[in-house]
Amino acid sequence: MIILGINDTHDASACLIENGKLLIAVQEERFRRVKQIGSFPKESIKNIFKYTGYSSKDIDKVAVATKLLNGSLLYNSVADFKIEDWKKLQEVYFYNLIYKKKKINFRKLFKSFKPSVKLGYPINNKIIFDTNTASKHQTLLDIQKFRKKNISKFLKINENKIQFYDHHQCHGMYGYFVFSKHIKKSKKVMIVTLDGGGDNRCNSISLVDNLNLKKFPSKSKSLVGRIYESITLLLGMNPAKHTYKLMGLAPYASEYHKSGPRKIFLDSFKVKGLNFFKSKDMKDYYTFYKKKLNVFRFDGIAGGVQDFVEIILSNWFKNISKKFNTKNFVFSGGVANNVKANKILIEKKFIDKLYIPPGPGDESISIGAAYASLVEKFGFKKSTKIADIPDNAYWGVPIDQKDFLKFKKHPIIKKNYKAIKDKKFKLTSHHLSKGEIIFFCKGRMEFGQRALGHRSILCDPSNVQSVYRINSAIKKRDFWMPFTPSILANYKNRYFKNPKKNNCNFMTMSFDTTDLGRKHLKAAIHPYDNTVRPQLVTKKTCKDYFTLINEFKKRTGIGALLNTSLNVHDKPIICQPTDLIKELIVNKNTSANFIYVEDTLFVKKRYRY
């Protein structure tokens, strides 16, 4: 059975599974070059068919994540809204709606807004640009019909083959099936999801017991994700793109400065048992906190809201563990991206195993929808037995050899670079050991937000000067944001503390470092609290990347590399080699002395050895 999975909201994506095996999963942003782009993922589907050799005629089922979407999501608002748009949404639209009981026309409020690029759906004059709060249920159903009709038209298949699945069901199925072959079938495991919202829910819990799945209805909404987004906006950052900056800033706050904000958050929102309760005077998540927090410092607010998230999650997971008598959890949804909170959870006595998949946000619900469809067809037990998702996250398209040839023949490359074959990474590891920064592009593309050594910028993790060079010349990251390391698996105990041996292959967990870790990884850990968000690399999961790090280790004694995503600020991770030329090499502010593509190291001719 061949199932095409689709996510057509923000962070659009698509995947293909055959008889339970994930063949490919890709994100639309990589092909369209617009970060977090939404709408129907046409280019993703085209690339899936190109890679697999299948066509729409071979598809048995199309599984679409999220049953009901509002019009603003189809207009790519999440990707295209700027900070001033988000502020207008809160301070004009929702403020009048909630506090003044006055409805503002959404389209008129954002009359100048239009998608920055042509989208996958033909939305012009066919879809109302509006929010969930303003959209009637029938409008949302009409949008679903519009989605189904256009998917059917593009794929040239009968609409009967297209099925929509609940947003949180998709989060849960994705998280579980990524790890299903590693979870002992005799053990109970809870599937927990939490995000900013989808299909009128923000959270869900399900129990897997002896390969039987039981879902438990949500009686209340956890507003943790929405509150975190609101505070991101209050601190002048984009709530759809920069919540991670809030997390990075939080450790700098002293107890003195964060205690006040933390109390405000905890007084306004609580967890009791499996349910959540907000204070009666909390009408929204923005204006309410804007008034309450106006006397506190920015770092104290960041630290306070991070503490709040960690406390709420700890209490919720503890209550779930107690009620269902289990210490094993799968955690998915946007809030699962909070690696600081994940660290607190795995340190608790009531948790033994915490499984967090790569890209736990909405980018992965296309995969969840495909596996939800599999379960619908074969049942949960059989689906668990036949499900097969690779243990790495290299699920995307490989380097296109025609594109690689264009790269090599491009005038800029031919004029400025010398091409040297380096299949065994001897020369590449040499330059890394000398403190050089290397753009690395090889093999199948990673899925999710994290670069895992196939589309990465690499350097010596002990060299702090490299951080300054990467930030000033390429990434333009905020000074407080940490980089991350890729670590050889046999060095994990030397560099960080993970006594429960939780999976840390995807940079979705953080840990305390050892003395040696702080020495060898000082450029790739959080500069204030010395925590690390590692990717463990084995020969089995990524043979070539393992070989490169191992060669670097032979020269330096360090079993790791600093690894950050191969992209410039606010652009998606590179997909193909020619993207490097368009977005990094032609950039006058970007310095690229070394570029590794497939099996070749391109060295700048003017570079002095």
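Any value given below was found using the heavy atoms of this structure, including those in side chains, with hydrogens, waters and symmetry copies removed.
- The CG atom of D544 lies 4.0 Å from the NZ atom of K442; values are rounded to the nearest 0.5 Å.
- Judged purely by atom type and a 3.5 angstrom limit, K492 has no side-chain atom pairing as donor or acceptor with the backbone of C504.
- I549 is listed as a side-chain neighbour of V537, based on a closest heavy-atom distance under 4.5 Å.
- Between S44 and E28 the shortest heavy-atom distance is OG-OE1, 2.7 Å.
- The heavy-atom pair separating I367 from C15 by the smallest distance is CA-SG, 3.6 Å.
- What you find for A393 and L452 is that their closest heavy atoms are CB-CD1, 3.7 Å.
- With respect to F440, the side-chain contact (heavy atoms from CB on, under 4.5 Å) criterion is satisfied by exactly one of L548, I457, L561, L566: L548.
- Side-chain contact between P527 and W480: absent, with no pair of heavy atoms (C-beta onward) separated by less than 4.5 Å.
- With rounding to the nearest 0.5 Å, the separation of NZ in K540 from CG in N392 is 10.5 Å.
- Note on K245 versus D478: salt bridge recorded, some NZ/NE/NH1/NH2 to OD/OE distance being below 4.0 Å.
- Within the 6.0 Å centre-distance limit, the rings of F380 and Y176 are counted as a close aromatic pair.
- Side chains of S486 and N563: a donor-acceptor N/O pair is present below 3.5 angstrom, by distance only.
- Contact annotation: the side chain of L234 never approaches that of I301 to less than 4.5 Å [non-hydrogen atoms, C-beta and beyond].
- Residues F483 and V467 have side chains in contact (heavy-atom distance under 4.5 Å, counting atoms from C-beta outward).
- For residues 545-567, the salt bridge (Lys or Arg N to Asp or Glu O under 4.0 Å) pairs, not counting sequence neighbours, are K426-E551, E551-K554.
- Residue S466 comes nearest to I437 through the heavy atom pair O-CD1, 4.0 Å, listed as atom of the first residue, atom of the second, then distance.
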Worksheet item: Can you list the steps and then say if Y244 with Q449 is a side-chain hydrogen bond (donor to acceptor under 3.5 Å, both in side chains)?
Response: CA-CA 11 Å; Y244 68 93; Q449 297 178 2; over 6 Å; no
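- Separation of the F439 and Y596 ring centroids does not fall under the 6.0 Å cut-off.
- Annotation: Y355 is not in aromatic contact with F331 [ring centroid separation under 6.0 Å not met].
- Counting only heavy atoms from C-beta outward, the side chains of D388 and K181 approach each other to under 4.5 Å.
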Practice prompt. Kindly indicate, with the supporting measurements, whether the criterion side chain to side chain contact (heavy atoms under 4.5 Å, CB included) is fulfilled by H454 and C441.
Written response: CA-CA 5 Å; H454 279 197; C441 187; over 6 Å; no
Discussion item. Using the rule given for salt bridge (charged side-chain N to carboxylate O under 4.0 Å, His left out), can you reason through D199 versus K67, listing the C-alpha separation, both sets of side-chain angles and the distance that settles it, and then say yes or no?
Written reply: CA-CA 6 Å; D199 280 330; K67 292 182 177 181; over 6 Å; no
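- For Y174 and S366, the side-chain atoms include no donor-acceptor pair closer than 3.5 Å.
- Proximity of the aromatic rings of F296 and H257 is defined here by a centroid distance below 6.0 angstrom, and this criterion is not met.
- The shortest side-chain heavy-atom distance between L213 and M173 falls under the 4.5 Å cut-off.
- Two residues are said to be in side-chain contact when any heavy atoms from C-beta on lie closer than 4.5 Å; F324 and L274 meet this criterion.
- Look at D209 and K214 and you find no salt bridge, because none of the NZ, NE, NH1 or NH2 atoms lies under 4.0 Å from a carboxylate O.
- Residues Q535 and T484 are not in side-chain contact: their nearest non-hydrogen atoms beyond the backbone lie 4.5 Å or more apart.
- With R262 as the fixed residue, the side chain to side chain donor-acceptor pair (under 3.5 Å) test singles out one of E310, E255, Q306: E255.
- Here the straight-line distance linking atom OG1 of T513 with atom CD1 of I525 works out to 4.5 Å at 0.5 Å rounding.
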Item to complete: Applying side chain to side chain contact (heavy atoms under 4.5 Å, CB included), run through W395 and L23 and close with a yes or a no.
Response: CA-CA 7 Å; W395 306 332; L23 301 182; over 6 Å; no
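- A cation-pi arrangement is present between K272 and F277, with the terminal nitrogen or guanidinium carbon under 6.0 Å from the aromatic centre and inside a 45° cone about the axis.
- Considering T193, D362, D166 as possible partners of H171, the one that fulfils the side chain to side chain donor-acceptor pair (under 3.5 Å) test is D362.
- Here D570 does not pair with K241 in a salt bridge; the nearest charged N to carboxylate O distance is not below 4.0 Å.
- Contact detail for Q27 and G448: the closest heavy-atom pair is OE1-N, 2.8 Å.
- Within 6.0 Å of NZ on K385 lie no more than 12 heavy atoms contributed by other residues, nucleotides or ligands.
- Of the inter-residue distances, the one linking E363 atom CD with H10 atom NE2 reads 9.0 Å to the nearest 0.5 angstrom.
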Worksheet entry | Candidate pair F425 and F552, rule ring pair (Phe, Tyr, Trp, His ring centres under 6.0 Å), full reasoning | CA-CA 9 Å; F425 308 110; F552 177 77; over 10 Å; no
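- Here the closest non-hydrogen pair linking S462 and I558 is OG-CD1, 3.5 Å.
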